[in-house]
Amino acid sequence: MPLSEFDLIERYFARQTPSQNVDIGIGDDCAVVTPPPGSSLAITTDTLIEGVHFPVNTAPADIAIKTLAVNFSDLAAMGARPHWVTLSLTMPDNDEIWLDEFAAALHDMLGQFECALVGGDTTRGPLSITLQAIGLIKAGRVMRRDLARPGDRIYVTGTIGDAAIALAVLDRPVAERDWFLQRLHRPSPRVGFGIDAAEFCVCAIDISDGLAADLAHVIQSSGVGAVVHLPQIPLSAQAKSYFDAAGGIDWQQLVTGGDDYELLLTVPERHEPALLALADEHQMQVTCIGEVTSEAKMKLLLCDGTELPLDHKGYRHF
Ligand SMILES: [Mg+2]
């Protein structure tokens, strides 16, 4: 007999997760939580739909990890520490093998981040997962996208373009294909780094729609412009080999491909030493890719100083 919704929640999702501040968790009409004194809440939600945000037949563990990672990445971009999540799961049937794998990966990653699943909902329909994540921010230590100032240097964490390559090689046997797929399906949200960067950095965004699109969000909301030196964009060794084999870097793909889940931060020169020291401490690669300018325009410069024209800036939601 198929599981009832109550049994399903009981079996797969009602667990004690190591997080303080939960007064009432799963099982009542609402969860009740009490934020510690002196902290603000950062709240975000994302929906992942099969065939839109992840390929059909993606492994359930990968879906669980990506769902948490994309939300935690938004929290990281504000300098918030993930604390509670709610989950709304729509699926075609109660596939217990699927649920076993999904729930195991979900609880495992929640445990790593000391974050509690405090509520949710299940319904029948095409596979889609909506997660809401609530994080804590130390009072006054928030990073926003509208505080870039002319003269700031633009930094990114990690490497850019790996997930876009994964999407391009889904059906092709290329070298390091599994590594690219790992970057697509299991991004590493830069949570610890984002929280510490918020001690001195006021402007950040996470790169989810594509480097050009997300930088455009920053400069538009800040009322400034930017120059990006394309050859400075950090590539993984795997991406370098991929582009070498393909006859050169596809700049359009690099700056418009989404799903990087790296952070883009803008910092005034005086904070650069702090940023580099922090990167060292976290063993995080950070790379300066350009500067914020006063002219409200984004320029993407190639090696020879000419501008790259963009067909579009990045992932379009509609
Ligand atoms: Mg974001």
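For ligands, and for the atoms within them, numbers begin at 1 and follow the listed sequence. From a predicted model like this one, the values you see are computed outputs, not experimental measurements.
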I'd like a table of donor-acceptor pairs (distance under 3.5 Å, sequence neighbours excluded) in which one partner is a side-chain atom from residues 234-249, with atom names and distances.
| from | atom 1 | to | atom 2 | distance (Å) |
| --- | --- | --- | --- | --- |
| Ser236 | OG | Asp162 | OD1 | 2.7 |
| Ser236 | OG | Ala239 | N | 2.9 |
| Ser241 | OG | Ala237 | O | 3.0 |

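The Mg ion (ligand 1) has an N, O or S atom of Asp206 under 2.8 Å away, backbone or side chain. Residue contact annotation: Asp209 places no N/O/S atom under 2.8 Å from the Mg ion (ligand 1).
For the residue pair Thr90 / Ser128, no side-chain donor-acceptor distance below 3.5 Å is found, with atom types taken as modelled. With no hydrogens or angles considered, no side-chain donor-acceptor pair links Ser222 and Asp146 at under 3.5 Å.
Under the ring-ring contact (aromatic ring centres under 6.0 Å, His included) criterion, the residue pairs touching residues 270-290 are Phe193-His282, Phe200-His271, with sequence neighbours excluded.
Nearest N, O or S atom of Asp74 to the Mg ion (ligand 1): atom OD1.
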